[in-house]
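As C-alpha cells, the structure follows; a few thoughts come after it.
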Amino acid sequence: MIDTVLVANRGEIARRVFRTCRELGIATVAVHSDADAGAAHVREADAAVRLPGNAPADTYLRGDLVIKAALAAGADAVHPGYGFLSEDAGFARAVRDAGLVWIGPPPEAIEAMASKTRAKTLMAGAGVPLLAPLDPEQVTGADLPVLVKAAAGGGGRGMRVVRELAALGEAVASARAEAEAAFGDGEVFVEPYVEFGRHVEVQVLADGEGVVWALGTRDCSLQRRHQKVIEEAPAPGLSEELRGRLDRAAVDAARAVGYRGAGTVEFLVTGEDAYFLEMNTRLQVEHPVTELVYGVDLVAWQIRVAEGEPLPAEVPPRGRGHAVEARLYAEDPGAGWAPQTGVLRELAVGGGGGATGGVVVRVDAGFEAGDEVTAHYDAMVAKVIVWAPGRREAVRGLARVLERARVHGLVTNRGLLARALRHPEFGAGRVHTGFLDVHGEGLTAVDGRVGEFAAVAAALAEAAGNARAGSVVARLGGWRNLPSEPQRRSYRVEPGGQVHEVRYRLRRGGYEVVDGPVAVAVEPGLVVLEIDGVARRFSVARYGDRVEVDGGLGACSLSVLPRFPEPEAEAVPGSLLAPMPGTVVRVAEGLAVGGRVVAGQPLLWLEAMKMQHQINAPADGTLTALPAGCGSQVEVGALLAVVEPDEM
C-alpha cells in the first residue's frame with residue numbers, strides 16, 4: 001500500500017497527480033525551486049521540500065535531491081509526471097534502490113526506449129513498421145526533405161526539418177547543441193520527412209500479469225515546431241482496419257520491452273500506412289482526452305499497478321464519445337510565438353469545469369489567478385478539454401469555451417486555438433503536421449477592429465468609474481449646456497502595438513463617442529456598444545496600466561498610454577533586443593565584432609521556457625557590438641547585438 005507520494009515535477013502535472021492522490025486517500029509531497037516557492041502545486045501539497053536554485057539542472061533534474069526530499073518528507077513512492085526525470089532509467093533505479101516505490105515502468109523498459117535509434121532497432125525485431133534511418137553523410141538531394149531528430153528526449157527539442165542539402169550540416173549541429181542542452185545527450189539521427197503526415201498515437205496500459213490494454217488512438221497532428229497544440233481522441237478519419245493495426249502494433253511494442261503502467265506508442269500515419277516513431281515511457285500531456293473517452297483515471301491505474309494490482313479484464317473498456325484538448329500557452333503567436341512572462345491576473349475557463357448539456361468541460365491548470373509565469377520553465381498555463389457525444393459538438397464546444405474564457409495579465413495563444421478549431425479543414429478532420437505552416441497566417445491574423453472597439457469600451461468604462469468615485473459634479477454627470485472639447489484616452493493593443501485614441505463627450509443622454517460606435521450602456525466593468533446596428537457587450541477589467549477587454553468579437557489586452565508621454569531613449573539603429581527573458585545558450589561560430597554579416601544570418605540563440613529562439617541579422621552590414629556572450633542571462637529588451645547596416 002502506498003501512503004504518501006512525492007511528485008518529482010511541478011505545475012499542471014503535479015496538481016493533476018495530487019488530485020488523484022487525494023481521491024485515493026494518499027498524502028502528497030511537492031518539490032519546488034526558488035521560483036516556484038509560492039506556486040499552486042506547492043500550495044496544494046500536504047508537504048513541500050525546497051530544491052535550491054531556479055534552473056532545471058539545479059532543481060527538478062537533480063534526482064539525488066528529489067530522492068533526499070522524498071525520504072525527508074516520509075514519502076514511500078515517487079511519481080515522475082512527464083518531462084524532467086520521467087524517462088530517466090537511472091533515476092528510476094535510484095528511487096527503487098532508496099527503498100521507494102517507483103510509479104512508472106521498469107527501468108529496463110525506459111532504457112530500451114530512451115534512445116529513438118535503439119528503439120527503432122528493437123521495434124523492427126518485434127515486427128513494428130518504421131521508417132528507415134538515413135546516414136547524414138550519405139543524404140542526397142533526392143532524399144529531401146529529411147528530419148533531423150534527437151535520439152533522446154522529446155517535446156520538439158533537437159528537431160529540424162531540412163529542405164536544402166546545404167542546410168543539413170547546420171541543422172545537425174544546432175539539433176545536437178539543443179539536444180545536449182535539453183537532455184544531456186547530443187546524439188541525433190536523420191530520417192525521411194513525410195510532408196503532411198499525421199501524428200497518431202495509441203495509449204497503452206499494462207499490469208504486471210502480462211495484460212496490455214490499447215485504449216484507442218489520439219490525433220496530435222496540429223503542432224508547432226513539433227510541439228503539440230491541439231489533440232483529440234479518437235483520431236478522426238481512420239479506417240477500422242488501420243485502427244486495429246495501430247492497436248496491435250502498440251501492444252506488441254509494449255510487450256517487447258516488458259512494459260508496466262501507462263505509456264504511449266507514437267506513429268506517423270500517411271494514408272493507410274503507419275510507421276513507428278517512438279514510445280513515451282510515461283504519462284502524456286494529452287492523456288485527459290483518453291480518460292474522458294474511456295472513463296478511466298490513468299494516474300490512478302499507474303498507482304494501482306505500482307501497488308501490484310492487476311487490470312480488471314483482459315479486454316479494455318469500450319470508448320464513448322469524442323474529446324478534444326487545447327494547450328493554452330503564455331505566448332504571442334502574432335510576434336513569432338514569443339513566450340510571455342508576468343502575473344496571471346485572472347483565469348476563468350468554462351465556468352470552473354463540469355458537465356452541461358451533455359458536454360463535459362475539464363481544465364487542468366498549472367496556475368491560478370495571482371501566480372507568476374516565469375521564464376524558467378514551460379509556458380503552458382493550462383489544458384482545456386471538452387468531451388461530447390460526437391466530434392462536431394466537442395470541437396465546437398471547445399472553441400466556444402476558449403472564446404468565452406477570461407485570461408488576464410498575459411498574452412496567450414487562446415485566439416489562435418479558437419480560430420484553428422473553427423477552421424473548416426479542422427472541422428472536416430483534415431489535420432496534418434503542417435497545418436499551422438499552411439494556415440498559420442490566417443490563424444494568427446487579428447481583426448484590427450477588435451482593438452479599436454476594445455479601446456472605446458476601456459475609455460468609457462474608465463470614465464464611468466471615475467464618475468462613480470469622483471466629485472459631486474462628476475457623480476451628477478458634469479453636464480453643461482456649452483460646447484466642449486471631447487475627452488481623450490489613448491491605448492496600445494498588446495500584442496501588436498497598434499495605438500487607438502478614443503474621443504468622447506458626456507451628454508445629457510449619456511456618453512457620445514466621436515467618430516465611433518454608439519454607447520448603449522456604460523458601467524465601470526461593462527460597456528454595451530452598437531456596432532453596425534448590432535449591440536455587443538464588452539466586459540472591462542483594469543490592472544494598473546493594463547486593461548483586459550472581453551467580448552463577442554474577441555479578447556484584447558490594452559496598455560494605457562499617458563496623456564503626456566515622457567521622451568524615451570532611442571535604441572541605436574541595428575540594435576537586436578531580447579524579445580523575452582532568457583539565457584544566451586549559443587553564439588554562431590566565428591562571429592566577432594567588426595566582422596561582416598548578411599541579412600538572415602543566425603547570430604545567437606536565446607533559450608526561454610524550454611525552447612531555443614534564433615536571433616538573426618536584420619540586414620547586410622557589420623557587427624559592431626556583441627555584449628551578450630554565451631551563458632548570459634538577459635531580460636526583455638536587453639541588448640544582444642548591434643548590426644550597423646550597409647549604406648544604401
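Predicted model only: the values in this text are computed from it and were never measured. Residue numbers start at 1 and run along the sequence shown.
- For the atom pair NE2 (His32) and CG (Leu51), the distance works out to 7.5 Å, reported to the nearest 0.5 Å.
- With hydrogens and angles left out, the side-chain atoms of Arg22 and Thr28 include no donor and acceptor closer than 3.5 Å.
- The environment of Arg537 atom CZ is sparse: at most 12 non-hydrogen atoms of other residues, nucleotides or ligands sit within 6.0 angstrom.
- Under 4.0 Å is where a charged nitrogen must lie from a carboxylate oxygen, and between Asp550 and Arg404 no such pair does.
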(message) Let's go through Arg400 and Glu393 carefully: what are the C-alpha distance in whole Å and the side-chain angles of both, what is the deciding distance for salt bridge (Lys or Arg N to Asp or Glu O under 4.0 Å) to 0.1 Å, and is it a yes or a no?
(response) CA-CA 10 Å; Arg400 183 63 170 161; Glu393 297 91 338; over 6 Å; no
(request) Report the C-alpha distance between Leu6 and Val31 in whole Å, list the side-chain angles of each, state the deciding distance to 0.1 Å, and finish with yes or no for side chain to side chain contact (heavy atoms under 4.5 Å, CB included). (result) CA-CA 8 Å; Leu6 178 142; Val31 288; 3.8 Å; yes
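- Rounding to the nearest 0.5 Å places OH of Tyr543 at 10.0 Å from OG of Ser557.
- A donor-acceptor pair under 3.5 Å is absent between the side-chain atoms of Asp46 and the main chain of Val29, judged by distance alone.
- With Phe18 as the aromatic partner, Arg10 does not meet the cation-pi criteria of under 6.0 angstrom to the ring centre and within 45 degrees of the ring axis.
- Residues Asn9 and Gly83 share a closest heavy-atom pair of ND2-O, 4.0 Å.
- Closest of all the heavy-atom pairs between Arg43 and Gly38 is NH1-O, 2.6 Å.
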(message) Between Gln203 and Leu298, does the side chain to side chain contact (heavy atoms under 4.5 Å, CB included) criterion hold? Intermediate values first, please.
(response) CA-CA 10 Å; Gln203 175 71 58; Leu298 290 172; 3.7 Å; yes
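- In this structure, Leu328 CG and Asp364 CG are separated by 12.5 Å, a value rounded to the nearest 0.5 Å.
- Leu100 and Ala75 make their closest contact through CD2-O, 3.2 Å (heavy atoms, listed as atom of the first residue, atom of the second, distance).
- With no hydrogens or angles considered, a side-chain donor-acceptor pair links Ser559 and Glu494 at under 3.5 Å.
- Between Glu368 and Arg15, at least one side-chain N (NZ, or NE/NH1/NH2) sits under 4.0 Å from a carboxylate O, which counts as a salt bridge.
- Between Arg327 and Glu286, at least one side-chain N (NZ, or NE/NH1/NH2) sits under 4.0 Å from a carboxylate O, which counts as a salt bridge.
- With salt bridges taken as basic N to acidic carboxylate O contacts below 4.0 Å, one links Glu291 and Arg362.
- Salt bridge Arg468/Glu523: present, at least one basic N to carboxylate O contact under 4.0 Å.
- Contact between Trp387 and Gly321 at its shortest, heavy atoms only, is NE1-CA, 3.6 Å.
- Side-chain contact check for Arg282 and Gln284: at least one donor-acceptor pair (N or O, by modelled atom type) lies under 3.5 Å.
- In this structure, NE2 on His287 lies 12.0 Å from CG on Leu205, to the nearest 0.5 angstrom.
- There is no side-chain donor-acceptor pair under 3.5 Å between Asp36 and His376.
- The residues Glu403 and Arg422 are annotated as salt-bridged, a charged nitrogen and a carboxylate oxygen being separated by less than 4.0 angstrom.
- Between Arg419 and Thr444, the side chains place no donor N or O within less than 3.5 Å of an acceptor N or O (distance only, hydrogens not considered).
- Using modelled atom types, one finds no donor on one side chain facing an acceptor on the other under 3.5 Å when comparing Asp76 with Thr4.
- The CG atom of Leu417 sits 7.5 Å away from atom OG1 of Thr412, with the distance rounded to the nearest 0.5 Å.
- For Asp297 and Arg16, the salt-bridge test passes: some basic side-chain N is under 4.0 Å from an acidic carboxylate O.
- Aromatic ring pairs are classed by plane angle as parallel below 30°, tilted from 30° to 60° and perpendicular above 60°; the pair Tyr377 and Phe84 is perpendicular.
- Closest of all the heavy-atom pairs between Val549 and Ala454 is CG2-O, 3.7 Å.
- A donor-acceptor contact closer than 3.5 angstrom is absent between the side chains of Glu607 and Thr583.
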(message) Test salt bridge (Lys or Arg N to Asp or Glu O under 4.0 Å) on Arg62 and Asp88; report intermediate values, then the result.
(response) CA-CA 11 Å; Arg62 284 287 301 274; Asp88 187 322; over 6 Å; no
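- A donor and an acceptor atom, one from each side chain of Thr264 and Arg218, are located under 3.5 Å apart.
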(request) Determine, step by step, whether Glu266 and Lys228 satisfy the salt bridge (Lys or Arg N to Asp or Glu O under 4.0 Å) criterion, reporting the C-alpha distance in whole Å, the side-chain angles of both residues, the deciding distance to 0.1 Å, and the verdict. (result) CA-CA 13 Å; Glu266 302 190 346; Lys228 300 163 188 173; 3.0 Å; yes
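- Between Tyr491 and Val560, some side-chain heavy-atom pair lies under the 4.5 Å cut-off.
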(request) Could you walk me through whether Trp102 and Phe91 pass the ring-ring contact (aromatic ring centres under 6.0 Å, His included) test, one step at a time? (result) CA-CA 10 Å; Trp102 169 249; Phe91 176 63; 5.7 Å; yes
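- Ring centroids of Trp337 and Tyr329 are separated by 6.0 Å or more, keeping the two rings apart.
- In summary, the side chains of Tyr259 and Glu108 do not present any donor paired with an acceptor at a separation below 3.5 Å, with no hydrogens or angles considered.
- In this structure, CD1 in Ile230 is found 10.5 Å from CG in Asp219, a value given to the nearest 0.5 Å.
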(request) Could you go through the salt bridge (Lys or Arg N to Asp or Glu O under 4.0 Å) check for Arg304 and Asp207 one step at a time? (result) CA-CA 9 Å; Arg304 291 176 185 136; Asp207 63 16; over 6 Å; no
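- Pairing each heavy atom of Pro389 with each of Gly358, the nearest pair is CD-O, 3.5 Å.
- At most 12 heavy atoms of other shown residues, nucleotides or ligands fall within 6.0 angstrom of atom CZ in Arg320.
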(request) Mind running side chain to side chain contact (heavy atoms under 4.5 Å, CB included) on Val5 and Ile26 for me, showing each step along the way? (result) CA-CA 7 Å; Val5 170; Ile26 296 173; 3.7 Å; yes
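- Crowding of Arg93 atom CZ: a count of heavy atoms from other residues, nucleotides or ligands under 6.0 Å exceeding 12.
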(message) Evaluate Ser221 against Val431 for side chain to side chain contact (heavy atoms under 4.5 Å, CB included), listing each step before the verdict.
(response) CA-CA 6 Å; Ser221 301; Val431 185; 3.9 Å; yes
